[in-house]
Amino acid sequence: MLFENRKQLTALLLPSLTILGLLAVYPIGSVMINAFGSVDYLSKQYQFVGLANFVELFEDFFFIAAMKNTLVFTLVASSAQVLLGLWLALLFNQKFSGRRFALPIIIYPMMISTLVCSSIWRSWYNYDFGLLNSALVAIGLPAQEWLFNPDLALYAIALVDTWQWTPMAFLIILAGLQSIPKDIGEAAMVDGAKGWRAFAFITLPLIQKQLMLAFLLRSIDAFKLFDKVYVMTGGGPGNATETLSMFVYKYGFRFFNLGMASAAALVMLAISLLMTLFYAHRVMKGGKQ
Amino acid sequence: MSRYLHRFFVWSAVALFILPIVWMFSTAFKSPGEIFHAGANLIPQQISLASFQALLNGELPILVANTVFIALSATVVSLCIAFFAAYALVRYRFPAKLDNLFLLAVLVVKMMPPIVVAVPLYSLMNTLGLLNSQLGLVLAYQVYTLPFCIWMLLSFIRDIPLEIEEAAAMDGAHLLKRLAFVVFPLCAPGLVATAIFAMILGWNEFLFSLLFIHTPDKFTIPLFISNFMTEDGTAWGELMAIGIVSSLPMLALAGYMQRYLLRGFSMGLK
């Protein structure tokens, strides 16, 4: 049985609707209007320009670089996190002494804030005093300009993201592994499936759903990338670590180009919407009991 | 895989994941001179509290107060509002399946990059006179915390058997009475878990505080860390000391939260 009282229902939902309307619906509507117009920053005069902002956007070198970096980062970081998470989950799916102690330690990185992570790793990436270069030099390899080498900087940031968020992929995949009934593994053993074959043909298909969820959740989040870039490289060197979030930030708050910032924001919203719908399609099945 | 190889891999992974955090602690307790001389030394030769002292004499107290106040206020507001909404979504029949549409819209807001709404939000805060104000930041944080709380509470309220409420209704308890004396106590653990996650969201938030807060007396901890890094790149001792202050609440709660992590993170926390 479900309650049916429209007045109560409205009263219960009204506060949420008001807040979300003010802070999400109104701003998104405003972004949509500004994306198709040109606004003079001082006089606030609005003029409809159709798709002009989008045409300019996709011809903009800076935007193309930001788009490419964001997609590369999202793909590289999420894949690395799911693969490493899977490997860790397989290790932790066995009993070993100290497991109760090791599990909380593995998830520490995702408990601390992105700003703290970035501050640790920026120190590690320091050319002169950083731990990583000391280690490289100690084993006879050349020191690296981690954050100042255009070919390396984006991957250096992806490494920080991987350190921080592999634990999350790990937890999701571990939950999947632990939900596999024991007798399935035993039956496979009786049939002679061992090692890699058992893993590829029995375990992997059974945790397919968790692998997908971990990948989607990490992609949706990696796609937002802003904080780490802002404090570690500022988008540099050159355009090497510019992301879509940085693009909207710079056009909106530094260059005061509302049309371009809104058009880019709308592109971001569209991509994020696609990923979210795909995710929801998998999560919302079931609904009310 | 042999038993020894398995143990080797497990503990190497644990060591790799904990190393940056160990380094944070050791650097914060080194004396300013030792940080650069000893390079990769993980254990300080001499425990020094200089970095913490410098912070304590400086901005730390006000930073902690600001961040706690904002995270706590944002959580309380979200939790109250979301509790009613989540209850309605679980217990009421919506016309034309609008409930699913509403939930989907909330999820979209939770998952979208916050920078998407940053420019209009800035204008809105400006119009309302809430720029550089803690109240404004508490309001802006609802973009993160409210969708999160609605989704998270949903799963906890679903766990409450409908029969209990029906019995209370038959005894004549009206909506508010049922909410206060039946639903609220039964999902108290869920409310606590949700509150902790929402607090962490607020405690760690960076983008909106960067955009909406302009004067150091209103800075939050993440905003301070960002400024500190860009202005004084190599004052690692103090940087790591503030990092510890910022991380301690979460590290302390890690054991408790482990149970709820999956529930929280699959709703798209962060």
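Reminder, nothing fancy here: chain letters follow the sequence lines and each chain counts from 1. All of these numbers come straight from a predicted model, not from anything done at the bench.
- Note on B:P20, B:A105, B:P95: by heavy-atom pairs under 4.5 Å with chain A, the leading option is B:P20.
- For the set B:I221, B:I244, B:V108, B:V109, the entry with the most heavy-atom pairs within less than 4.5 Å of chain A is B:V108.
- Proximity of A:W124 to B:L19: side-chain heavy atoms (C-beta onward) are separated by under 4.5 Å at one or more points.
- Considering only heavy atoms from C-beta on, B:V10 comes within 4.5 Å of A:F92 through its side chain.
- Contact check for B:M24 versus A:V116: side-chain heavy atoms found under the 4.5 Å cut-off.
- Side-chain N or O atoms of B:W236 include none that pairs as donor or acceptor with a backbone N or O of A:S123 at under 3.5 Å.
- Annotation: the span from B:L175 atom CG to A:L12 atom CG amounts to 5.5 Å, rounded to 0.5 Å.
- Taking the side chain as every heavy atom from C-beta outward, A:V31 and B:V119 never approach each other to under 4.5 Å.
- Annotation: maximal heavy-atom pairing with chain B below 4.5 Å, among A:I106, A:L9, A:I220, occurs at A:L9.
- In this structure, CG in A:L91 is found 9.0 Å from OG in B:S12, a value given to the nearest 0.5 Å.
- A heavy-atom distance below 4.5 Å is not found between the side chains of B:F9 and A:L90.
- The part of B:L179 that comes within reach of chain A is its side chain, from C-beta onward, which places non-hydrogen atoms under 4.5 angstrom from that chain.
- Among the candidates B:L139, B:L248, B:V106, the residue making the largest number of heavy-atom pairs closer than 4.5 Å to chain A is B:L139.
- The contact between B:V117 and chain A is made by backbone and side chain atoms together, counting heavy-atom distances below 4.5 Å.
- Only the side chain of A:L277 comes within less than 4.5 Å of a heavy atom in chain B; its backbone stays farther off.
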Checklist entry - Yes or no on side chain to side chain contact (heavy atoms under 4.5 Å, CB included) for A:L23 and B:L124, after CA distance, side-chain angles and deciding distance? => result CA-CA 9 Å; A:L23 298 177; B:L124 182 72; 4.2 Å; yes
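- Counting heavy atoms from C-beta outward, A:F223 and B:P113 have side chains that approach closer than 4.5 Å.
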Checklist entry - After noting the C-alpha distance and the side-chain angles of B:H6 and A:Q94, does the key distance pass the side chain to side chain contact (heavy atoms under 4.5 Å, CB included) rule? => result CA-CA 9 Å; B:H6 175 258; A:Q94 303 178 24; 3.6 Å; yes
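- Ranked by heavy-atom pairs under 4.5 Å with chain B, the first of A:G98, A:C117, A:A264, A:A261 is A:G98.
- Of the residues considered (B:R7, B:E165, B:E205), B:R7 shows the highest number of contacts with chain A, using heavy-atom pairs under 4.5 Å.
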Next on the checklist: side chain to side chain contact (heavy atoms under 4.5 Å, CB included) for A:I105 and B:F17? Distances and angles first, verdict last.
Outcome noted: CA-CA 8 Å; A:I105 292 182; B:F17 274 92; 5.8 Å; no
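- Rounded to the nearest 0.5 Å, atoms OH (A:Y230) and CG (B:L207) are 9.5 Å apart.
- No side-chain heavy atom of A:I112 sits under 4.5 Å from any side-chain heavy atom of B:M250.
- Note: B:S247 OG to A:L115 CG = 10.5 Å, rounded to the nearest 0.5 Å.
- With a 6.0 Å radius and a threshold of 12 heavy atoms from other residues, nucleotides or ligands, A:F199 has its CZ atom above the threshold.
- Here the straight-line distance linking atom CD1 of A:I28 with atom CE of B:M112 works out to 4.5 Å at 0.5 Å rounding.
- With a 4.5 Å cut-off on side-chain heavy atoms, B:V143 and A:L20 do not count as touching.
- Only the side chain of A:I107 comes within contact range of chain B, with heavy atoms under 4.5 Å apart.
- For chain B, the nearby part of A:F226 is the side chain; its heavy atoms alone come within less than 4.5 Å.
- The CD1 atom of B:I81 lies 4.0 Å from the CD1 atom of A:I19; values are rounded to the nearest 0.5 Å.
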Item to check | Pair A:Y249-B:L210, side chain to side chain contact (heavy atoms under 4.5 Å, CB included): steps then yes or no | outcome: CA-CA 11 Å; A:Y249 169 75; B:L210 171 74; 4.2 Å; yes
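- By number of non-hydrogen pairs under 4.5 angstrom with chain A, the leading residue of B:L211, B:I18, B:L121 is B:L211.
- Contacts between B:S226 and chain A at a heavy-atom distance below 4.5 Å involve backbone atoms as well as side-chain atoms.
- Counting heavy-atom pairs closer than 4.5 Å to chain A, the top-ranked of the candidates B:F83, B:W203, B:W11, B:Y87 is B:W11.
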